[in-house]
Amino acid sequence: MSSVVETPAPPRFQPGDYKSDLKPVWCAGCGDFGVVSAMYRAMAELQLEPWNTVVVSGIGCSSRLPGYVEAYGFNSVHGRALPIATGIKVARPELNVVAVGGDGDGLAIGGNHFLHASRRNLDVFYVLMDNEIYGLTKGQAAPTTPSGDKTKSTFFGNPEPSVDPCELAISFGATWVARGFSGDMKGLVDLMVAGMSHRGFAFLNVMSPCVTWRGDDQFKVMKAKLRSLPEGYDRSSRAAAFAYTRETETLTTGVLYEAHEPSLLDRLEAQRTKAMEGHEGLTTEKVLKVFFPPF
Amino acid sequence: MPALKERPKPFVLPEFCKGCGRCISACPKHCISMGTEINPQTGLTPVVLDLEHCNGCGLCIDACPEPYGLQQTPADADFELQDPEKLFGDRMSDAPEPVDIPNQVVPLPKMEPLVLKGNYAAAVGALLAGCRHFFGYPITPSTEGAELMAKLMPHLDGTFLQAVSEVATVNMMYGCGGAGMRSMTFTSSPGFSLMLEGISYMIGAEVPGVFINVMRGGPGLGNIAPEQADIKLCCRGLGHGNTHAIVLTPSTPQEMLDLTMLAFELTFKYRNPVIIASDGYLGQMTGKVSLPESMVKPGIPKWAVYGDLEHRRNLISSIYLSEVDLEKWNVVLNAKYASMQVEQRADLYMCDDAEVILVACTTPARTAKGAVQVLRSRGIKAGLFRPITVWPFPIEKLKTVLPNAKRIVVVEASNGQLEDELKIALANARIREYPEIEHVRHYGGVLPQMEEVILKVAAGQEVTV
């Protein structure tokens, strides 16, 4: 009697199943191609059901991404991806909500929302595709454009210092913060899988070169700077993470910071549970009585 | 051997001390006591210092919640320097009456006309009008204007600042305009929506500023093609409250320059924002642009909160907490809006004997003008009435052409927003007798075509070729 070798059933979703019918209009060589491919693979790894997944964005080149993903999507208002993601997540907590966008969208006009989504520990995975420029409006300086760089709106060199989004997210209380590079597919998929699985606000800053407005060699420059976090890195330490922010000569990828704290939904749920204690069989009539004396 | 350093001792500025007593409990040497004499200027009782036992520990200065209450005596004690009157000038009530520092008109050398994009022409116009402060946020199809400002401003001792959003932009303009300086921005429809709150504040506080709205397709994100869909916002929806502003509608790159210069004149004349409603085509359209004979070197208006001794009397605010005060302020503003009616401007093309009046502005006006020429060549007495101000609508000019008019056709790239302005203007002028208003409309970035206008007008009329 020969033993029967059981072949495992093929996974239900393949990366290609998350690819929509729309063909990306990004420039040839854009880093965002790497990001969307990594997202397909990460979703397949987690076997996310497309009908239980929402990808939300603001406005910008990178914010076109939801259109290229076979899931529910929302190409929303400039800078407002995170408030819209908040609305979706609190209304339908069981959905997997991913917010995506660029550096101008997320850090300039949407900067305030980014800070407070971090602070609230909102249960959303936010991917920021950072090319250090406004691409869709044809090459103006963004908050991450390095100081001194010449762009179409900084003809004499950028007079402003740039910001490190990872540093911001950590200091405002995000509980999972990582940096990736769009040219490092394997690393990016691993980070996305971890980010999507995290409970709380997970922030992934993907360095995603702009071939059109940041020069042909931004990709090469970034790749040459690429480093991994050292062995034994303590990702629970904020202080350790800050050593890898505001880098100029290197570009360190990996999970810089991770903490396990109650997320916004956890806290809201705890409040609801507490408020409803002993209220079984509550009717509208009883609730309305709250407004009439004696309360 | 170095000289023994003595730690500075405190002194109190009686005008700023409210007598809270925090320094009294902070002082370990009991040098400070509650005063007994009321300060006649403040009506409060400042503390009294007796510095015989003071060792200069500075704890009292740390404890003082007032920024200028308790201070260190400077090492080379020129006590007078710290006198608040010398620091800030006179009190508001004692300050001299501010005076206008008038604008200067500087003649420009005669130059060959330039060939410029509409957005560039408007930026050049702003520079010639003396604008040296530009704030903006990138939005297509208006970015070229901002980019030219980024290149030129530092050469002209000016400031270009890219804001983090349109909300930030308009508030930067609020600050700059409040100081009496000439500021402007380029934006497009979605960005203009974001600026409306700030524009309402600027109107309420009478702060000047020029907004160039290169209108694009909507609603929502829409697209970057030309539409005239913000006419209702510019004329009827400038944020909350009773607001109005002059709205200029250029239709050539030359007018982008000329009307931007006019906008700066009007915004300071009325102390009210001025809006230039351009469109996506006009912003991108290249044309011949002649420079004016003179440029403006701006002065400082007397109302400016310029931040110096001469302007201490001035206050800029839009807060009137009492209902009666706010109504009074609205009456003042409404009177100002009424006074702006004299700024009505329009361009009349072949309207003298016209029986068919086409009404159009910005790029559709160019289409309509072409249609008038073709229709005239076919013997149809058509004319173009082109508002250059859509608010105030040039109804007085329209009155002159109405008696001959048998038809009015509004040509526009919106769902009747210009037509609504026309109808409101007719109603407000109590004009009851006018032909039924017809229209040629397109939306979403599609512009009315000349052939459509010709067909619309010629249909039902005998065409003689």
Side-chain angles (χ1 to χ4, degrees), chain A residues 25 56-61 63-64 66-67 73-81 83-84 101-115 132-145 147 149-163 165 168 213, chain B residues 117 119-120 123 134-172 185-198 214 216-224 280 283-284:
Chain A
V25 294
V56 192
S57 72
I59 297 298
C61 290
S63 291
R64 307 186 80 104
F74 204 137
N75 193 175
S76 76
V77 187
H78 191 27
R80 319 294 173 205
I84 286 170
D103 42 306
D105 183 75
L107 299 170
I109 194 165
N112 191 23
H113 304 306
F114 174 53
L115 302 182
E132 306 175 338
I133 198 85
Y134 280 86
L136 195 65
T137 52
K138 302 183 299 244
Q140 294 83 16
T144 48
T145 305
S147 190
D149 275 22
K150 218 174 141 175
T151 73
K152 281 171 86 184
S153 68
T154 54
F155 194 69
F156 295 83
N158 184 10
E160 302 171 10
S162 63
V163 66
L168 267 187
W213 300 109
Chain B
K117 251 185 188 192
N119 284 337
Y120 289 146
F134 182 93
F135 309 101
Y137 188 74
I139 184 163
T140 314
S142 79
T143 45
E144 294 82 3
E147 286 168 2
L148 187 67
M149 288 299 204
K151 278 182 193 170
L152 296 183
M153 277 300 192
H155 287 298
L156 299 167
D157 196 22
T159 302
F160 167 90
L161 198 60
Q162 186 178 313
V164 297
S165 69
E166 283 85 358
V167 178
T169 303
V170 68
N171 287 296
M172 288 170 178
T185 191
F186 277 93
T187 191
S188 181
S189 306
F192 189 67
S193 287
L194 272 181
M195 290 180 178
L196 292 174
E197 181 199 40
V214 187
R216 69 184 224 190
L221 184 59
N223 60 24
I224 56 172
Q284 301 297 322

field: Atom CZ of A/R80: over 12 foreign heavy atoms under 6.0 Å
entry: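 Check passes, neighbour count above 12.
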
message: Take a 6.0 Å sphere around CD1 of B/I224 and say whether it holds more than 12 heavy atoms from other residues, nucleotides or ligands.
response: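 12 or below, so no.
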
message: Out of B/G136, B/P138, B/A150, return the one with the most heavy atom pairs under 4.5 angstrom to chain A.
response: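 Ranked by contacts with chain A, first place is B/P138.
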
- prompt: In terms of heavy-atom pairs under 4.5 Å, which option from A/G79, A/A141, A/S76, A/G111 contacts chain B the most?
  reply: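 When all of A/G79, A/A141, A/S76, A/G111 are compared, A/A141 has the most.
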
- prompt: By a 4.5 Å heavy-atom criterion (distance strictly below it), what part of B/L161 contacts chain A: side chain, backbone, both, or neither?
  reply: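 Side chain only.
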
message: Can you tell me which portion of B/L194 sits under 4.5 Å from chain A's heavy atoms? Options are side chain, backbone, both or neither.
response: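 Contact with chain A is through the side chain of B/L194 alone.
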
query: Using 30° and 60° as the class limits, which term best fits the ring planes of B/Y137 and A/Y134: parallel, tilted or perpendicular?
result: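 Geometry flag for A/Y134 against B/Y137: perpendicular rings.
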
task: Under 4.5 Å heavy-atom distance to chain B, tell me which part of A/L107 shows up: side chain, backbone, both or neither.
output: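 Neither part.
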
message: For A/I109 versus B/E166, what's the shortest heavy-atom pair and its separation?
response: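 The answer is CD1-OE1, 3.6 Å.
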
message: Show the nearest heavy-atom pair for residues A/F156 and B/K151, with the distance to one decimal.
response: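 Here A/F156 and B/K151 meet closest at CE1-O, 3.2 Å.
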
- prompt: Can you tell me if B/Q162 uses its side chain to pair, donor with acceptor, with the backbone of A/Q140 under 3.5 Å?
  reply: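 No, the answer is negative, given that no donor and acceptor are paired below the 3.5 Å cut-off.
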
field: Distance (rounded to the nearest 0.5 Å) between B/L221 CG and A/N75 CG
entry: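 Separation between the atoms: 6.5 Å.
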
